[in-house]
Structure formats: C-alpha cells, structure tokens
Amino acid sequence: MNKHLNLVPFVSVDHMMKLVHAIGVETFLVELAEFIEEDFRRWPYFDKTPRVASHSAEGVIELMPTSDGVLYGFKYVNGHPKNTRDGKQTVTAFGVLCDVATGYPLLLTEMTLLTALRTAATSAMAARVLAPAGARRMALIGNGAQAEFQALAFRAMLGIDQLNLYDIDAAASRKVQRNVAGLGFDITICATAQEAVLGAQIVTTATADKQNATILTDNMVGSGIHINGVGGDCPGKTELHADILRRSSIFVEYPPQTRIEGEIQQLPADHPVTELWEVLAGTSPGRESESQITLFDSVGFAIEDFSALRYVRGRLAEFPMFEQLDLLADPDEPRDLFGMLLRASPLTA
Ligand SMILES: NC(=O)c1ccc[n+]([C@@H]2O[C@H](COP(=O)([O-])OP(=O)(O)OC[C@H]3O[C@@H](n4cnc5c(N)ncnc54)[C@H](O)[C@@H]3O)[C@@H](O)[C@H]2O)c1
C-alpha cells in the first residue's frame, strides 16, 4: 500500500528546465514527437472534444481534456497577445495527468515550456510527412516565445539549418538570432514577411494578434512550399489570406476544433481537409507532388498535451526532477474526512 496517497509529483518551471537540459533540448523534442506520433496513430481510442474556451476582450482561457481510457489528461492554457507589453507571457499553461481507474492525479506540471516544446514537436512531426523533400530553409515569421522551439524541432527532425526571420519588432528577431547563435543555423533577418518567404521551402507563422491578420498574402506563396500555421488558433484570430487556403491541401488536428479556431474558419464548413493522424497512420496520403502547397493548420489539440504529460512522467523515473505536493486529502479512514479536519484543529493540539 502506498503510504503517501496525499502526495502528487509536481514539476515546477525550474524542474522542467533542469529536465530539458538533462535530456538535451533536441533529444527532448525528438522523443516527445515519438510519443505524440504514437498517440496520433491510435487516435480513435481517445475521447475527443473541442477545447472549452472562455473568451474575453483581451484573450482566451481554455481547458483541454482527453483520455485513452487508462490515463486522463487536461491542460489549462491562456492566450493573451497584449500580455507581453506588461512583461507577461502570451501563453501560459499547466496540466495534470490522472489514473482513470481511481481518478487520482499522477502528475501536476508546468506546461508553458512544455506547450512550446509540444507545439514545435507536433509542427515538425507534421512537416516530416508534408514538407517538400530536402527542405533546408525555413521562414520563421513571428519571433516570440515559440520561435526558437520551432527552429530547433525543425532542425532536429528535418535538418532545417537555414532560417529567414521576420517580426514586426526587429528586437524579437535579434533575440532569436542571439539565442540560437552557436547552434549551427545560417540566419537572415528580413525586413518584411515577403522577403522572409523568398527561397524558403517551409514557412512557419507564429505571430500573436487578436484579429484576422494577413501575415501571408496569396502572391507570396509559391508552389511546392509547406506552411506551418501556428498562430491562427482562435475565432477571429488568423494569419493567412483565404486565397492561400483555397490553393492548399489542408491538414488539421481535430476538425470540430479547427473549424472553429483554425485558418479554415475563413472557409465554408464543408471545405475538404485531411486529418493529420490519418496520414501518420498510413490511411491518407501526405504530400503527393512537388508542386502541391501543403498547410498544417495547427491550433493545438489535447492529445498533444496528453502525450507530453505521458512523456514527462516517464522521463521522471530516470531524471527525478520533481517535488512531492501535498495535494490530496488522505484521512486514515477514507470516509472520515471531517475527522481529519477536526484532528488538525489548533484547539485539539
Ligand atoms: N498551434 C498551437 O498549438 C499553438 C501553441 C502555442 C502558441 N500558439 C500561438 O502561436 C502564436 C505565437 O505565440 P508566442 O507564445 O510565440 O507569442 P509571443 O507574443 O511571444 O510572440 C508573437 C510574436 O509575433 C510578432 N508579431 C505580431 N504580429 C506580427 C505580424 N503581423 N508580423 C510579424 N510578426 C508579428 C510579435 O511582435 C511577437 O514577437 C500565438 O498566436 C499563440 O496563440 C499556437
């Protein structure tokens, strides 16, 4: 019998950083992508629902649950594009993994870093089946919190070693350049999005703006490229001109959620899309020709967070980067919850 049923492993931001360094950022991304791919291949076994979103004028707060019948996971995440002006993150998150048989939490962890890692791992996993063969140069438009993670995942998993950076705030591009200096990238900081797209086989858009923005217009998108659209992930928050969508083969995570939140909210509800899990499971084709424009209309789905929670929990066995949190009430006799409270009274001490 576990004598410490009250305790739940908790991974703080500090411990997550130590865990990532102990494993190595690129190894972490590659291993995490393997877990995500494994879960995408068994997609039909999961409970799925569009995330539960609470919108406000400044942003959104979302809950993202899923279960495979053995484990249950959920993530709390927000998206507030104006936060960075006050020194706050646009996206913050934490999550929980639980045992379905008892309902007991098995892990509580920070997920701000983990979201950036899982988003990048998912993007690169999709690009592996969608990007043109031999791609070396990626345009990275929007150089905020997600940017370096995207760059590293694409290098580790696809061999991307040339980056064209563009951000409306040039300081953000210089930050990326500084952070990945010495990691072997050939970097060009560009003055416009159009310049960034030139010569790139992959275009990643990861901007944050609470509106229908047009980061890419139709004339900027040549045949044969792969677009990894990360920043359009909320109703009324998109990055691509609708004409690009009409020319692209569109791949999505979970259509009922992406039709609300993704770039395809701009298209009729019956516009054809392919579910990414089917490509990974081998039941739908990925890229089929050199001239095809492929778009991964990423919004972020609960199964990616579930895989990330599962991965982190597994790695803690080798790298014990966690503390125990006194999270669950554990009376000596399960029904004597009040008795436990009573015995803790300062008056009975
Ligand atoms: N799809 C997913 O799974 C997923 C996961 C995490 C974050 N996101 C989304 O990705 C986006 C980026 O997240 P972040 O944490 O890096 O945000 P961030 O605020 O740290 O960075 C966003 C960057 O975009 C830049 N930007 C804004 N408008 C621009 C424009 N018109 N052209 C070029 N650059 C522009 C900003 O200057 C900033 O540097 C957000 O919209 C977020 O909601 C999606």
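This structure is a prediction, so every number in the text was calculated from the model and none was measured.
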For the residue pair [Y] / [X], report whether a side-chain donor-acceptor contact shorter than 3.5 Å exists.
| X | Y | result |
| --- | --- | --- |
| N219 | T217 | yes |
| T238 | N212 | yes |
| E261 | Q257 | yes |
| S173 | D167 | no |
| T283 | E278 | no |
| T92 | N78 | yes |
| T115 | K75 | yes |
| N228 | S123 | yes |
| D39 | S307 | yes |

Check your understanding: Residues sharing I225's hydrophobic cluster, by side-chain heavy-atom contacts under 4.5 Å among ILVMFWY, directly or via others?
Key ->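 When side chains under 4.5 Å apart are linked, the cluster holding I225 also contains I141, Y166, I168, V197, V203, I215, L216, M220, V221, I227, L240, I244, L245, I250, V252, I264, L267, V273, I293, L295.
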Pairwise side-chain contact, [X] with [Y], heavy-atom cut-off 4.5 Å (strictly under):
| X | Y | answer |
| --- | --- | --- |
| F40 | M125 | yes |
| L158 | I202 | yes |
| S298 | D233 | no |
| D297 | T258 | yes |
| D218 | R247 | yes |
| T119 | E304 | no |
| T90 | Q146 | no |
| M16 | T109 | yes |

Please answer: with hydrophobic residues joined when any side-chain heavy atoms are less than 4.5 Å apart, are [X] and [Y] in the same cluster?
| X | Y | answer |
| --- | --- | --- |
| L342 | L337 | no |
| V299 | I260 | no |
| V176 | V230 | no |
| V77 | I303 | no |
| M17 | V91 | no |

Aromatic ring proximity [X]/[Y], centre distance under 6.0 Å:
| X | Y | value |
| --- | --- | --- |
| F301 | W43 | yes |
| F251 | F296 | no |
| F306 | F46 | yes |

Quick one: does [X]'s side chain have a donor or acceptor within less than 3.5 Å of a partner on [Y]'s backbone?
| X | Y | answer |
| --- | --- | --- |
| K48 | T66 | no |
| E239 | G231 | yes |
| R41 | L280 | yes |
| S284 | V279 | no |
| H241 | D243 | yes |
| Q150 | A147 | no |
| T112 | A93 | yes |
| Q265 | C234 | yes |
| E110 | L114 | yes |
| R51 | A53 | no |

What are the two closest non-hydrogen atoms of [X] and [Y], and how far apart are they?
| X | Y | result |
| --- | --- | --- |
| A308 | M111 | CB-CE, 4.4 Å |
| A120 | L29 | CB-CD2, 4.1 Å |
| S56 | H80 | OG-NE2, 4.3 Å |
| Q177 | I189 | OE1-CD1, 3.3 Å |
| S249 | Q292 | OG-NE2, 2.8 Å |
| G300 | M64 | O-CE, 3.5 Å |

Practice item. Tell me, with the steps shown, if T294 and H226 meet side-chain hydrogen bond (donor to acceptor under 3.5 Å, both in side chains). Key: CA-CA 5 Å; T294 50; H226 172 62; 2.8 Å; yes
If you measure from the Lys or Arg side-chain nitrogens to the Asp or Glu carboxylate oxygens, is any gap between [X] and [Y] under 4.0 Å?
| X | Y | answer |
| --- | --- | --- |
| R174 | D169 | no |
| K237 | D209 | no |
| R42 | E38 | no |
| R128 | E37 | yes |

Practice item. Inspect the surroundings of CD in E288 and state if more than 12 heavy atoms from other residues, nucleotides or ligands are less than 6.0 Å away. Key: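 Above 12, so yes.
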**Study point:** Test salt bridge (Lys or Arg N to Asp or Glu O under 4.0 Å) applied to D161 and R136, step by step
**Key:** CA-CA 6 Å; D161 56 4; R136 295 279 302 275; 2.7 Å; yes
**Study point:** Criterion side chain to side chain contact (heavy atoms under 4.5 Å, CB included) on L19 and F28, from CA distance to verdict
**Key:** CA-CA 9 Å; L19 180 67; F28 192 110; 4.2 Å; yes
Review point. After noting the C-alpha distance and the side-chain angles of W277 and Y254, does the key distance pass the side chain to side chain contact (heavy atoms under 4.5 Å, CB included) rule?
Key: CA-CA 9 Å; W277 75 268; Y254 181 55; over 6 Å; no
Practice item. Give every residue pair that meets the salt bridge (charged side-chain N to carboxylate O under 4.0 Å, His left out) criterion with at least one member in residues 81-90, sequence neighbours excluded. Key: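 Applying salt bridge (charged side-chain N to carboxylate O under 4.0 Å, His left out) to every pair that reaches into residues 81-90, excluding sequence neighbours, yields E58-K82.
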Check your understanding: Can K18 and D14 be said to form a side chain to side chain contact (heavy atoms under 4.5 Å, CB included), step by step?
Key -> CA-CA 6 Å; K18 290 190 168 112; D14 187 46; 2.8 Å; yes
Review point. Does the ring-ring contact (aromatic ring centres under 6.0 Å, His included) test come out yes or no for Y76 and F94, once each step is laid out?
Key: CA-CA 6 Å; Y76 166 102; F94 65 88; 5.1 Å; yes
Exercise for review: Kindly determine whether M321 and V11 satisfy side chain to side chain contact (heavy atoms under 4.5 Å, CB included), including the steps that lead there.
Suggested key: CA-CA 7 Å; M321 308 291 187; V11 182; 5.7 Å; no
Check your understanding: In this structure, which one of R315, R118, R310 forms a salt bridge (charged side-chain N to carboxylate O under 4.0 Å, His left out) with E31?
Key ->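 Filter result, single survivor: R315.
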Review point. After noting the C-alpha distance and the side-chain angles of Q162 and D186, does the key distance pass the side-chain hydrogen bond (donor to acceptor under 3.5 Å, both in side chains) rule?
Key: CA-CA 5 Å; Q162 300 163 21; D186 170 5; 5.1 Å; no
